[in-house]
Structures are given as C-alpha cells and as structure tokens.
Amino acid sequence: MSHEIRTPMNAILGMTELTLLTQLDEEQQDYLETVKEAGQNLLAVIDDILDFSKIEARQLVLEHIDFNLKEILESTIKMLTIGASKKGLDLKWQICSDVPLVLKGDPARLKQIIINLVGNAIKFTPAGEITVEVKRSDMNNPGEPGRVSLLFFVQDTGIGIPRDKQQVIFESFSQADSSTTRRYGGTGLGLAICKQLVELMGGTILMKSTEGKGSVFYFTADFQPGDPQAAQFAGKGRFDRSPDRTIKYLAG
Ligand code: ADP
C-alpha cells in the first residue's frame, strides 16, 4: 500500500522539479513552486499516516543494526539547522561523555523521533534556542549487561503548551489548540508516532512545558553496545560530514 501511494507522489514531485528547470515565465514558475510545496507537505502527511497505521497494526519491526550515535545526531541536526537558521534560532546539541557512541538499534527510527521533536521545537519557537542533549539513563535497571539506556532531551524557548493540553498532545490527531493547524499546519500525528516508536525501543516519552516560556520533551530508549567496525562500514557514504556545519559537538 505504501508503495502504491508514495510512488505516484514521488513521480509528481520529481516531474515538478524537472519542469521547474525548464524555461518558464514568472507566473508559471510561481504556480509550480506552489505545486511543489503542497506536494512535499502532502507527502509528509502521507508518510505520517502510513507510519501510524503500520504501528497500530503492529507491523512495524525495528531494525537491529550497528551505528554511530554521533554521526546520526550530527547529520540529523545539520539537516534541521537550515530550518532553525531561517527563523534565527540557535540549534545546539551535546552528547555527554559517558555515552557510548557505537550502538546497535534502529538509527532511522531514532532519527525520525529526533526530527519530529526538533521539527516541532523549531515550528513552535519564534525566538531563542533549541538544545538537544543525550545522557545515559539510569531510569531502568542501571548496568544491565548488554543494554545501553539513553535519555534524550529536546528543549526549546518557544510558545509552550497550556497545562490542560499537555496530556492530550501525545494522542493521535491532537493539537494544543484549534488555531494550531491554521497557523502552523501539521496533522497532530508526530508525537503519537514518537510515543509509539519510543515504546518499541523500550522507553518512555514525557514533557514539561510552561506557556510562553518553552517546552522540554524527553525520552528514554534502549540500545545494545555496537560493533565499531560494523558501525563504521554502515556509516560510510551515508552521512555528509561537511566542515562548515553550524552545529556544535560538545561531548567531553
Ligand atoms: P503536529 O505538529 O503535526 O500538529 P504533533 O503530534 O507533533 O503534531 O504535535 C501535537 C501538538 O503538540 C502540536 O500541534 C502543538 O500544539 C503541540 N506541540 C508539540 N511540540 C510542541 C513544542 N515544542 N512547543 C509547543 N507546542 C508543541
């Protein structure tokens, strides 16, 4: 099903991109840019709905591969920095020095959670900064052999979430207030997907927020120690390590 929906959508987007490279007058260019933007938004909504249905149907199986946490976080933040800079927001990240960087787990799904949380932080923060932090978690059975439990924080200085809405935002299709979709777009599925993915990773997601001051979303997730050689091989060519990055790696 996912293939049947995504393939024509990607064809529409691809052909729009190609047409944009041809000789067009200003009006045509403008119309096509709108088609492209609407297509990209629709694809994001389709992806959310497909993911959500897959999780609901208990058909989403996590991968179990070796990866380097620093590379994953670095490439994810780098991608998100573009959106943050457009709004004049500072996006910082740090991995505490006691966190093992080579892990075994599902890096693509971890990335998806971080993109959702940081994407929301950017969307709902008019000024200030967003910080992503990773620590070792001692919340579940510290020191259990063969398990690395991590704690991720995504903090912003944004609009915050009213106290009475803080519980419902993790439910599917829910947004903090009815004007949110009008002002910021979105489906209200992002956090429901994050919650389900975090739970599949053996963790919990929580948040604290003060209206007008900002929010912090934090989650735990379990991994296993990874094989450095396999992680290096898995990462080869997949992550862009351009030196002009505007993000900071602060690990001790
Ligand atoms: P979407 O962003 O697509 O609406 P989400 O499930 O990701 O859906 O978020 C649900 C709602 O939670 C948002 O519509 C918004 O009202 C609120 N929200 C999420 N993250 C933040 C944040 N960092 N700051 C303020 N509100 C947030």
Side-chain angles (χ1 to χ4, degrees), residues 5 9 37-56 60 73 76-77 79-94 108-134 151-201 203-221 247:
I5 299 175
M9 239 357 260
E37 206 185 311
Q40 283 169 335
N41 291 341
L42 180 59
L43 190 59
V45 173
I46 289 170
D47 280 342
D48 271 2
I49 292 172
L50 289 173
D51 265 350
F52 189 71
S53 337
K54 206 169 173 184
I55 299 172
E56 288 273 281
L60 193 132
L73 219 55
T76 310
I77 301 284
M79 190 183 97
L80 292 160
T81 299
I82 303 163
S85 320
K86 273 191 194 154
K87 291 184 76 177
L89 302 170
D90 226 0
L91 178 52
K92 296 179 185 156
W93 63 290
Q94 85 171 337
R109 294 297 176 180
L110 176 63
K111 202 166 175 166
Q112 185 177 355
I113 299 168
I114 293 168
I115 290 174
N116 256 312
L117 296 182
V118 178
N120 275 347
I122 296 172
K123 191 154 92 171
F124 297 107
T125 302
E129 62 174 38
I130 293 147
T131 319
V132 180
E133 209 180 341
V134 190
L151 181 55
F152 295 77
F153 293 88
V154 177
Q155 182 148 22
D156 66 56
T157 54
I159 61 170
I161 300 165
R163 194 173 269 274
D164 61 323
K165 293 291 181 328
Q166 294 183 5
Q167 281 319 305
V168 298
I169 55 162
F170 287 106
E171 288 167 18
S172 47
F173 303 106
S174 62
Q175 298 185 315
D177 73 81
S178 50
S179 64
T180 304
T181 314
R182 239 184 359 261
R183 274 188 23 223
Y184 300 99
T187 55
L189 275 179
L191 288 177
I193 294 171
C194 286
K195 184 170 186 289
Q196 309 248 37
L197 290 177
V198 164
E199 286 169 4
L200 281 173
M201 292 184 185
T204 317
I205 185 163
L206 295 164
M207 58 89 55
K208 280 188 194 148
S209 183
T210 310
E211 238 185 310
K213 290 211 162 135
S215 315
V216 53
F217 283 80
Y218 49 103
F219 66 94
T220 51
I247 48 178

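Note that ligands are numbered from 1 as they come in the structure, with each ligand's atoms numbered from 1 the same way. As a basis for the values below, the full set of heavy atoms in this structure was taken, side chains included, without hydrogen atoms, waters or symmetry mates. All residue numbers refer to positions in the sequence shown, counting from 1.
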Practice problem: Say whether Ser215 and ligand 1 are in contact under the criterion: heavy-atom distance to a ligand atom below 4.0 Å. | Solution: yes

Quiz prompt | Any Phe217 side-chain heavy atom under 4.5 Å of Asn120 side chain | solution = no

Exercise. Write out all pairs satisfying side-chain hydrogen bond (donor to acceptor under 3.5 Å, both in side chains) with one or both partners inside residues 192-201, taking only residues at least two apart or from two chains.
Key: Glu56-Gln196, Lys195-Glu199

Quiz prompt | Lys123 with Asp156: basic N within carboxylate O range, under 4.0 Å | solution = no

Quiz item: To which of Val118, Ile193, Leu191, Ile130 does the heavy atom nearest atom 5 (P) of ligand 1 belong?
Solution: Leu191

Quiz prompt | Euclidean distance, Leu60 CG relative to Asp51 CG, rounded to 0.5 Å | solution = 6.5 Å

Quiz prompt | Closest heavy-atom pair and its distance - Leu117, Leu191 | solution = CD2-CD2, 3.6 Å

Quiz item: Any heavy atom of Lys165 sitting closer than 4.0 Å to ligand 1?
Solution: no

Practice problem: State the atoms of ligand 1, each with its element, that fall below the 4.0 Å cut-off from a heavy-atom position in Gly160. | Solution: 25 (C)

Exercise. Quick one: pull up CG in Leu197 and NZ in Lys111 and give me the separation to the nearest 0.5 Å.
Key: 15.0 Å

Exercise. Considering the heavy atoms of Gly188, write down every atom of ligand 1 situated less than 4.0 Å from one of them.
Key: 1 (P), 3 (O), 4 (O), 6 (O), 8 (O)

Quiz item: Just how far is it from atom CD1 of Ile114 to atom CG of Leu73, taken to the nearest 0.5 Å?
Solution: 5.0 Å

Quiz item: Under 3.5 Å between some N or O of ligand 1 and some N or O of Ala192?
Solution: no

Quiz item: Would you say ligand 1 has an N or O under 3.5 Å from any N or O of Asn116?
Solution: no

Exercise. Report yes or no: does Phe217 have a heavy atom closer than 4.0 Å to ligand 1?
Key: yes

Self-check item: Location of contacts on Leu189 toward ligand 1, heavy atoms closer than 4.0 Å
Solution: backbone

Quiz item: In ligand 1, which numbered atoms sit nearer than 4.0 Å to a non-hydrogen atom of Gly190?
Solution: 5 (P), 6 (O), 7 (O), 8 (O)

